[in-house]
Amino acid sequence: MNFKVAVSRSEHFNSAHRLHNKNWSEAKNLDVFGKCNNPNYHGHNYELEVKVIGFVNKDTGYVIDTKQLSGLIKKHVLDKFDHKNLNLDVEEFKNLNPTAENIAIVIFKILRPFIEENYELKIKLYETPRNFVEVPY
């Protein structure tokens, strides 16, 4: 019997951001985003889970080499997001509100080209220990 297997890698990064819609008034932004709309930004200690799902390669015994997966995450996500102001330092958020949902979608789009097409990719991003998003769903 052939089983699908999920291989997960957990990582951590710290980033600052401001939730703000430039098309809205300051009052509406404050009403919708509250303290997350602080003009001086605020930070989070994000926990990231990257999951690759597929069938085990009969030659290697892997779905994906976790060292390879770790390297991809470090190079393409952590080096880009860690200790950065997402609004100011990360090109993808120049015109995209860096909500947890959008951050997870951006991470998915960054990593997807590096994962073989026959494997599923799932991203889970914890903004706080109790608030997290999953992509795709």
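Numbers for residues simply follow the sequence, beginning at 1. Side-chain atoms are counted along with the backbone in the values below, which use heavy atoms only and exclude waters and symmetry mates.
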Who are the side chain to side chain contact (heavy atoms under 4.5 Å, CB included) partners of [X], not counting sequence neighbours?
{"X": "Asn38", "answer": "Asn40"}
{"X": "Lys28", "answer": "Trp24, Ser25, Val32"}
{"X": "Lys80", "answer": "Val90, Glu92, Ile110"}
{"X": "Ile53", "answer": "Lys4, Ala6, Lys51, Glu120, Lys122"}

Pairing residues for Glu26 by the salt bridge (Lys or Arg N to Asp or Glu O under 4.0 Å) criterion, not counting sequence neighbours | Arg18
Just jot down the side chain to side chain donor-acceptor pair (under 3.5 Å) partners of [X], sequence neighbours excluded, or say none.
{"X": "Asn23", "result": "none"}
{"X": "Asn131", "result": "Thr128"}
{"X": "Glu116", "result": "none"}
{"X": "Asp31", "result": "none"}

Fellow cluster residues of Phe132, listed by chain then number, with links counted only when side-chain atoms sit under 4.5 Å apart |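 Phe132 shares its hydrophobic cluster with Tyr126.
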Compare every heavy atom of Tyr41 with every heavy atom of Ala16, then report the nearest pair and how far apart it is.
->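 Answer, listing the atom of Ala16 first, then Tyr41: CB-CB, 4.4 Å.
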Does Asn14 use its side chain to pair, donor to acceptor, with the backbone of His83 at less than 3.5 Å?
-> no
Which class fits the ring pair His17 and His44: parallel under 30°, tilted 30 to 60°, perpendicular over 60°?
-> perpendicular
ring-ring contact (aromatic ring centres under 6.0 Å, His included) contacts in which one or both residues fall within residues 49-79, not counting sequence neighbours = His76-Phe114
Got Leu78 and Glu11 here, is their nearest side-chain heavy-atom distance under 4.5 Å?
-> yes
Side-chain donor-acceptor distances from residues 68-75 under 3.5 Å, at least two apart:
unit_1 : atom_1 : unit_2 : atom_2 : d
Ser70  : OG     : Arg9   : NH2    : 3.2
Lys74  : NZ     : Asp79  : OD1    : 2.9

